[in-house]
Amino acid sequence: MTFWKPGTIAPGKYTCISAIRINVDREAERESNETIVTFADRQSTLSIQQQRQILPIYKSRNQLLYLVEKYQVTIVVGQTGSGKTTQLPQYLHEAGWTAGQRVVACTQPRRVAATTVAQRVAIEMNVQLGQEVGYSIRFEECYDVKKTRIKYMTDGMLFRETLIDPLLSQYSVIMIDEAHERSLHTDILFGLLKKIMKKRPELRVIISSATLDAEAFYDFFNINTTDDTSKDNVSIISIEGRMFPVDIHYLEEPCSDYIEKAIETVMDIHLKEGTGDILVFLTGREQIDSAVEEIANRAMNLPRSAMKLDALPIYAGLPAEQQLLIFESPGYNTRKVIVATNIAEASITIEGISYVIDCGFVKLRAYNPKTGMESLVVVPVSKSSAQQRAGRAGRLKPGKAYRLYTEDLFRQLPDASIPEMQRTNLAQVVLQLKALGVDNILRFDFLTAPPAQMMIRALELLYSLKALDDNGKLTVPLGVQLAEFPVDPMLGKILLDSPRFGCCTEILIIAAMISVQNVFIMPSNATAKAESERRNFAVEEGDHLTLLNVYTAFTTRGQKSARWCHDHFLNFRALSRAFSIRSQLLKFLKRFNIPLESCGNDTVKIRKCLVSGYFANAAKMMPDGSFRTIRDNATLHIHPSSVLFTRNAPYVIFHEVVETTKAFMRDLTVIDPAWLSELAPHFYEFKK
DNA sequence: GAGCACTGC
């Protein structure tokens, strides 16, 4: 595992954040690690060119170049470690695809992947990062408009570029990497690229995927309607990977309690199997914390002859300093057990894992278009997910994977998870497609179309926000500006409406804070202390103003320091990110000529402004303490993380609903119901 | 009355 070294790649202004960011994933990262190892051991070092030539993909170099030349779309199926991400763009560059100021783009679903791959390729090409090879991710642009020939970027960034240059005219080849993950932006790009290729027949597209959805990609891009397959405009090529074999073990009988089974399996491996660390996949924080505690308990009763056992949790909500513990070497005669959420499936890679335990479930977001509610549900993993999890045991040497379900059950699992496009709120996507001139959203060419009802729900919301007119066209300037904003439309609306209430300064901070997660740290062993720290920031008006307080304290008293955050049980990473988001949103507001006024301590103005965007999310308290939405009388509850959880609040607006054990409202603010009829008369007709 | 998978602009 490598870490960002401040001063080496140091992207952007926020070196302090980069320095603690963990380095991740896949062949890109694997290769960059190997470089570090070989540089350290000069005697056995292969030259960089020799290293490139022993990669599995090297054997297919000429064939790949031939296919890209001949076919508009090439689908590259390659397992982890094939080298496709780092090599393919270089081959294209060497073969002349970047001549004449043209650029080869390669998208990644995650920021860190884009930066680490670009760094590795710059080393291989012996150029300075940001010159011939660059990257583009949110808040960090590291490329030269004139010089950069190979550009790695997040898929979201390439999508942004389509809003400025709809034909993506500077690119000769666009490679969509990790397409099997089916991220929202990757899926939108599929549809857009298909359109662009009709207008730019010379454009080449490469779809790279680790699994077997290649057929679906093929059918989507193939425009040959005849039976003569020689006229197809799409080709597929498969590249071997460079993984070590992983033995898969299944249960003979299904188990009823996979947490207990996981713990037993850990203890079993520890006593019976050879060296190597253990990675356990569970679904959420609560399960992970309790499993870690239980493993630690049982580890105390190990026989004296046995190695020690060190159990550590990892999930996204954990503060960075605790996340980093999993990369530390476990100490003499000790085996590490890392208990993880899905974060360890693709986002974080831990070296030294020889054993994987897969509970067979994952927590996923689902969206109910009928109610507009999102829920977090635990569902069985897909086959490709299970495969990816198992693969985590075979990175450096052969490993073993223990699936806590039967082989028969495995066969019944779906091949792939439901794409994000089909389980998310589409308001922002619809708005952006409208901005791209896709008037009939329902007829847009999706790889897999979201349910029509989800699109209709999104259109209704946009209409009620006045982002769309009666004909479904973007309104000017509101709809057009909302489409450009990198926030969801309701949040964008309160930013653009803030001048009416003279509270732009405050709304800007609230919008940035709402956009980040896990601001408050709640360690399971110091809950009371953390709660009391949080209460110091809490105000009776609700969570939005509490978040405003936290941010103000962070930038003034706290001087944006990690130490101060730690002392007050606040997540430094989250607050630093809010700081970046605030700066970015401010640039948009300036461009839109929105005056940056402060309303001082007038919370009524701020709360009214919130209502102007969130009027649809209003609820009324019932005598039993539960809530009913004003719009359709649905039952909701206050999330325990809200500062209003223990207070009386007759009327509230909320940022979102997350359904877990109940339907919980998150991020609430107390309002006066009269504001609803005042600010959203088109939405509410009150009977008195 | 009691709880927050993971990304991304």
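In what follows, every heavy atom counts, from backbone to side chain, and hydrogens, waters and symmetry copies are set aside. Keep in mind the model is a prediction, meaning the values are calculated, not measured. Letters A, B, ... mirror the listed sequences (proteins, then strands); counts begin at 1.
Phe627(A) has its CZ atom 14 Å from the P atom of dG1(B), to the nearest Å. Atom CD of Gln108(A) is separated from atom P of dC6(B) by 20 Å (rounded to the nearest Å). dC9(B) atom C1' lies 9 Å from atom CZ of Arg577(A), rounded to whole Å. His637(A) places its NE2 atom 11 Å from the P atom of dG1(B), with the value rounded to the nearest Å. The interatomic distance linking Glu656(A) (CD) with dA5(B) (P) rounds to 13 Å, in whole Å. Protein atom CD of Gln287(A) is 13 Å distant from nucleotide atom C1' of dG3(B), rounded to whole Å. For Gln517(A) and dC9(B), the CD to C1' distance is 14 Å, given to the nearest whole Å. If you measure from atom CD of Glu141(A) to atom C1' of dC9(B), you get 12 Å, rounded to the nearest angstrom.
Nucleotides of DNA chain B nearest to Glu286(A) and Glu420(A) differ in position, and the one nearer the 5' end is that of Glu286(A). Between Arg138(A) and Thr646(A), the residue anchored closer to the 5' end of DNA chain B is Thr646(A), taking for each the nucleotide with the nearest heavy atom.
At the heavy-atom level, Leu376(A) lies under 4.0 Å from base atoms of the strands shown. Residue contacts shown for Phe159(A) are absent, as no nucleic acid heavy atom lies under 4.0 Å away.
Side-chain proximity of Phe645(A) to the nucleotides dG3(B), dC9(B), dG1(B) is greatest for dG1(B). If you check dC9(B), dG3(B), dC6(B) against the side chain of Phe664(A), the one that comes closest is dG3(B). Closest contact between the side chain of Arg365(A) and the listed nucleotides dG8(B), dC6(B), dG3(B) involves dC6(B). Comparing dA5(B), dC6(B), dG3(B) by their nearest atom to the side chain of Glu531(A) picks out dG3(B). The nucleotide whose nearest atom lies closest to any side-chain atom of Arg423(A) is, among dG1(B), dG3(B), dA5(B), dA5(B). Picking from dG8(B), dG3(B), dT7(B) the nucleotide with the shortest atom distance to the side chain of Thr661(A) gives dG3(B). Closest to the side chain of Arg285(A), from the set dA2(B), dG3(B), dA5(B), is dA5(B). For Lys363(A), counting side-chain heavy atoms from C-beta on, the closest listed nucleotide (dG3(B), dA5(B), dT7(B)) is dA5(B).
With Ile581(A) as the partner, the side chain to side chain contact (heavy atoms under 4.5 Å, CB included) test is satisfied by one option alone out of Pro486(A), Ser515(A), Ser576(A): Ser515(A). Test Thr629(A), Leu636(A), Asn368(A) against Val657(A) for side chain to side chain contact (heavy atoms under 4.5 Å, CB included) and you get one pass: Leu636(A).
Side-chain nitrogen and oxygen atoms of Lys662(A) include none within less than 4.0 Å of the OP1 or OP2 phosphate oxygen of dG1(B). Between Thr154(A) and dT7(B) there is no side-chain N or O to OP1 or OP2 distance below 4.0 Å. Within the structure, a side-chain polar atom (N or O) of Thr341(A) is placed less than 4.0 Å from OP1 or OP2 of dC6(B).
Legend: residues meeting salt bridge (Lys or Arg N to Asp or Glu O under 4.0 Å) with Glu484(A), ordered by chain and number and at least two apart, are Arg591(A).
Taking the ring centroids of His655(A) and Tyr614(A), they lie under the 6.0 Å cut-off. The six-membered or imidazole ring of Phe217(A) lies near that of Phe190(A), with a centre-to-centre distance under 6.0 Å.
A salt bridge links Asp289(A) with Arg285(A): the distance from a Lys NZ or Arg NE/NH1/NH2 to an Asp or Glu carboxylate oxygen falls below 4.0 Å.
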